[in-house]
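FYI, side chains are in, hydrogens and waters are out, and symmetry mates aren't considered; it's all heavy atoms of this structure. Just so we're on the same page: letters track the sequence lines, and every chain starts at 1. As the structure is a prediction and not an experimental result, all values here were calculated from the model.
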There are 2 protein chains.
Amino acid sequence: MKHTVMERWDPDAMADFFKILGDKTRLRILMELLSGSLCVMHISERVGMSQSATSHQLAILRRADLVRVTRKGKTLVYAISDEHVRLLLDMAILHLGEEKE
Amino acid sequence: MKHTVMERWDPDAMADFFKILGDKTRLRILMELLSGSLCVMHISERVGMSQSATSHQLAILRRADLVRVTRKGKTLVYAISDEHVRLLLDMAILHLGEEKE
DNA sequence: TGCTCATATGAATAACGGTTCATATGAATG
DNA sequence: CATTCATATGAACCGTTATTCATATGAGCA
C-alpha cells in the first residue's frame, strides 16, 4: 500500500510546519546547527543577522520543536532536536537537484 | 558520515521550495492528487476553492515541478510529478505526530 | 472556421510574516 | 543582593502572497 501515514493529517498543521522551513534565515540556522550546537551570538554571527532577528527566528524554531535549548553558564545553547530535519532537508535537496526530464 | 548531500545547497532555492509546501490549499491539492489524477474543476470542487484560485495555485505547483499536466480531450489533467513529494509529506507527518518527550 | 467550454491570466485588495529598533527579562557572578 | 551580560519580547514597518473578480486564451468539436 502506498498511503502509509496519509490517512489522518491536518493541512493547517502541516502547512505551518513547512512554512517554518520556507525561510532562508531559518534554514541557514538549521544548517549551522546540523554541524553542532551553538549559542545565539554565534548563530547570529554565522547567518549574518542581528541578535534580535536571530532570536525571533529561534523562537519560531523552538515552538516547532525543531531546536532545543540548554543553558551553559551564562549563554543558551541551541541544538537540533530532531533527526527528521536532516532527512527532510536531504529530500528537498534531492528534489531540487533533479532535472525536468 | 552524516552530511551526505548537505555540502552544496542554495538556501534561497530551498526556502522557495518549502514555501510552496507551506500553504494549506496547495497541500490539499497535492493530497488529492496523491490518490489519483484530476482535472482542474474536480480539484477545485474537492478543495472547495474557486476555479481561479485553484488555477493560480496549480500554476505555482507546476513551476516547482510538483505536478504535471496532460490534456485529455477538452480538459487538463493534473498529476503528481514526483514521488519525493509523498516521502516529504510522510516525513512531515511523522515529525508532527511526535510528542515532545 | 467559428463557437464553446475548460482553464489561464492580470490587476487589485487584504492578510500575513520578517526585520528593525527599543526595551524588558532574568540567570550568573562578584 | 546588585550588576551585568546574553537573550527574549513588543510594536511598527514594509515587502510578499493568497484570494477575488473580471477577462483573455485556445484547443476541441459542430
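Here the closest heavy-atom approach between residue A/Y78 and residue A/L33 is recorded as O-CD2, 3.4 Å.
The distance between atom CD1 of B/I20 and atom C1' of D/dA18, rounded to the nearest whole Å, is 14 Å. In this structure, A/D16 places its CG atom 14 Å from P of D/dA18, rounding to the nearest Å. Put simply, CZ on A/R71 is 8 Å from C1' on D/dA6, counting in whole angstrom units. For A/M49 and C/dC21, the CE to P distance is 11 Å, given to the nearest whole Å. The nearest whole Å value for the distance from the CG atom in A/D23 to the C1' atom in D/dT16 is 12 Å. As rounded to whole Å, 16 Å separates atom C1' of C/dA27 from atom NZ of A/K72. The distance between atom CD1 of B/I29 and atom C1' of D/dA18, rounded to the nearest whole Å, is 12 Å. Regarding A/I60, its CD1 atom lies at a distance of 15 Å from the P atom of C/dC16, rounded to whole Å.
Between B/D16 and B/K19 the shortest side-chain heavy-atom distance falls below 4.5 Å. Here the side chains of B/L66 and B/L21 are in contact, with some heavy-atom distance below 4.5 Å. A/I80 places a side-chain heavy atom less than 4.5 Å from the side chain of A/L30.
Among pairs with a residue in residues 35-50 of chain A, those fulfilling salt bridge (charged side-chain N to carboxylate O under 4.0 Å, His left out) read A/E32-A/R46, at least two apart in sequence or across chains. Contacts classified as side chain to side chain donor-acceptor pair (under 3.5 Å) and involving residues 49-59 of chain A (residues at least two apart or in different chains) are given here: A/R26-A/Q57.
If you take CG on B/L27 and CG on A/D12, they are separated by 9.5 Å, rounding to the nearest 0.5 Å.
Partners of A/F17 by ring pair (Phe, Tyr, Trp, His ring centres under 6.0 Å), not counting sequence neighbours, listed by chain and number: B/H95. In this structure B/S37 satisfies the side chain to side chain contact (heavy atoms under 4.5 Å, CB included) test together with B/V77, B/A79, sequence neighbours excluded.
Rounded to 10°, the angle separating the first-five-pair axis and the last-five-pair axis of the helix from C/dT1-D/dA30 to C/dG30-D/dC1 equals 30°.
A/T25 has a side-chain polar atom (N or O) that falls below the 4.0 Å cut-off from OP1 or OP2 of C/dT19.
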A correct 5'-to-3' footprint of nucleotides 1-15 of chain C, with B, S and - meaning base, sugar-phosphate only and no protein heavy atom under 4.0 Å, is ----SSBBBB-----
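Comparing A/G73 and A/K19 by the nucleotide of DNA chain C whose heavy atom lies nearest to each, the residue mapping closer to the 5' end is A/K19.
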